[in-house]
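Data block below; observations after.
Bear in mind the structure is a predicted one, so any value in this text is a computation, not a measurement.
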Amino acid sequence: MNKKKIINDPVYGFISIPTELVYDVISHPYFQRLRYIKQLGMTHLVYPGALHTRFHHALGAMHLMSLAIGLLRSKGHVITEGEEESAILAILLHDIGHGPFSHALEHSLVTGIKHEDISAKLMQKLNQHFDGKLTHAIEIFNGTYPKRFLHQLISGQLDLDRMDYLNRDSFFTGVSEGVISFDRIIKMFNVFDDDLVIEEKGIYSIEKFLIARRLMYWQVYLHKTVISGEMILVKLLERAKELSAVGEELFAAPSLSYFLKNDINEENFFRQHENLEHFTNLDDQDIYAAVKVWVNHPDKILSALCKMLTSRNLYKVEMSNQMADKERIQFLQSAAVDLLEIKHEDAKYFVFTDSIQNRAYNAGVGNIKILMKNNDIVDIAKASDLSNLESLQKTVEKYILCYPRGI
């Protein structure tokens, strides 16, 4: 069977699957599950085109890795065919641990577990399945492989993961502020002292990349209507879990039912093999099928939250630099009790506060290094003459207040 396939990608055109092992990994059920997990969770509630999946994104990042390795080889850096395959596998699998609707699940059904840790565990499982052929890919993913720059292509301030999702998310949402010159940035890649660096003439493309990232966060990822949709999903899953804990039988696919009935957290997640098996059975469809049925559930709280989501009657969200004062929250909670005819202790599902953070460039973690013409290495924040690049290093925190419409 010919396994060197080409795939028609809407962002990059034709991309190729380079080796038989990569083809076999893509064909594995763990990876195929990503077809049914949306890349942007609830963002389609604001941008109707944002229905692309983690599967799309992983293939796009794989393509960028092939381009980057080809470019670094052309500049005289030695990367063996085995290292190329391993780097491609590492970026292909970087998001394999994502759950349905991405971050919503991390806050409700399984608590305190990062998707990166689940990705690492699933890669170990795949390595057993493929007789140890993913060992170097795991080392590159973890940053323990001798060639450090290969890990930086996967995880850093200018990694190929970010490059693909900015490109892809701006394409599918139609938000042109997120468009970046990915091909020019890759052409500016180089390696100096085993670190990934950018040649000096690429500074302006990097500035554009960092600003695009900041704008995409406020305009897309942290859009208040997107946050509203995600918060409703978190709250309704919390309520479903609460009802399951007191013995209420809820309609759910077997794997979703497992997480509703059991308290799975960071401490016990990896102890039992069945936790991981149930996790890899879950996708967006399981969650949404349950939500559609729970609309008619006799529990007033669960039913109301599911109706809000399915009819897109989302929370009103206020975003501010200051936390909402307690009197206002209490007033809104009392109004929600009257409006929805619920108990006061259940108002927490409808009126609550939270905070969000946005930091476009974290200079302390995997700095973007510029290789100057005289061979000096300078951080992008120092090399750039753009005054607001310093401000992109600051973490911007905003406080949100959610409450039902009609109050």
Side-chain angles (χ1 to χ4, degrees), residues 1-40 51-70 79-100 102 115-116 118-142 145 150-151 153-155 159-165 167-169 171-172 182 186 276-277 279-286:
M1 179 184 173
N2 174 26
K3 294 181 178 179
K4 292 197 175 182
K5 304 289 184 186
I6 56 169
I7 296 166
N8 196 346
D9 180 73
V11 179
Y12 305 120
F14 287 107
I15 64 178
S16 58
I17 297 176
T19 69
E20 290 195 4
L21 177 59
V22 173
Y23 178 90
D24 290 338
V25 169
I26 289 170
S27 302
H28 192 278
Y30 284 175
F31 193 83
Q32 288 293 313
R33 180 183 73 101
L34 299 180
R35 287 182 184 273
Y36 309 105
I37 295 178
K38 285 197 288 298
Q39 171 76 4
L40 290 182
L51 292 166
H52 55 301
T53 64
R54 297 260 164 205
F55 185 84
H56 281 137
H57 164 57
L59 293 179
M62 172 191 83
H63 172 65
L64 294 184
M65 179 63 82
S66 294
L67 295 182
I69 286 174
I79 301 166
T80 67
E81 283 187 12
E83 286 169 341
E84 178 180 18
E85 183 178 64
S86 294
I88 282 170
L89 286 165
I91 196 127
L92 193 66
L93 297 171
H94 76 281
D95 269 352
I96 202 167
H98 265 289
S102 300
H115 71 267
E116 293 91 346
I118 301 174
S119 291
K121 188 70 177 174
L122 289 176
M123 285 169 81
Q124 287 167 17
K125 291 269 180 200
L126 286 168
N127 198 27
Q128 290 167 13
H129 178 79
F130 288 106
D131 303 321
K133 291 176 185 169
L134 305 188
T135 301
H136 289 326
I138 291 169
E139 288 172 356
I140 290 170
F141 180 79
N142 293 335
Y145 192 76
L150 292 174
H151 172 71
L153 287 169
I154 294 160
S155 181
D159 58 43
L160 301 172
D161 169 30
R162 292 181 185 191
M163 216 173 285
D164 181 77
Y165 77 61
N167 229 5
R168 191 166 299 277
D169 297 348
F171 178 90
F172 281 100
F182 75 93
I186 288 174
L276 207 59
E277 284 308 300
F279 185 87
T280 54
N281 262 335
L282 279 179
D283 58 42
D284 290 4
Q285 296 171 124
D286 296 304

Side chain to side chain, Phe141 and Leu93, heavy atoms closer than 4.5 Å: no

Please check: side-chain N/O of [X] versus main-chain N/O of [Y], any donor-acceptor pairing under 3.5 Å?
X	Y	answer
His57	Arg54	no
Gln32	Ile26	yes
Arg33	Asp283	no

Distance (rounded to the nearest 0.5 Å) between Ile96 CD1 and Thr280 OG1: 9.0 Å

Check ring pair (Phe, Tyr, Trp, His ring centres under 6.0 Å) between His129 and all other residues, then give those that pass, not counting sequence neighbours. His28

Quickly, which of Lys3, Lys5, Lys133 forms a salt bridge (charged side-chain N to carboxylate O under 4.0 Å, His left out) with Asp24? Name it, please. Lys3

Please check if the distance between the ring centroids of Phe55 and Tyr36 is under 6.0 Å. no

With a 6.0 Å cut-off on ring centres, are Tyr145 and His151 close enough? no

Yes or no on salt bridge (Lys or Arg N to Asp or Glu O under 4.0 Å) for Arg168 and Asp9, after CA distance, side-chain angles and deciding distance? CA-CA 10 Å; Arg168 191 166 299 277; Asp9 180 73; 3.0 Å; yes

Just to verify, what does Lys38 make a salt bridge (Lys or Arg N to Asp or Glu O under 4.0 Å) with, not counting sequence neighbours? Asp284

Taking side chain to side chain donor-acceptor pair (under 3.5 Å) as the test, write out the residues that go with Asp169, two or more places apart. His52, Tyr221

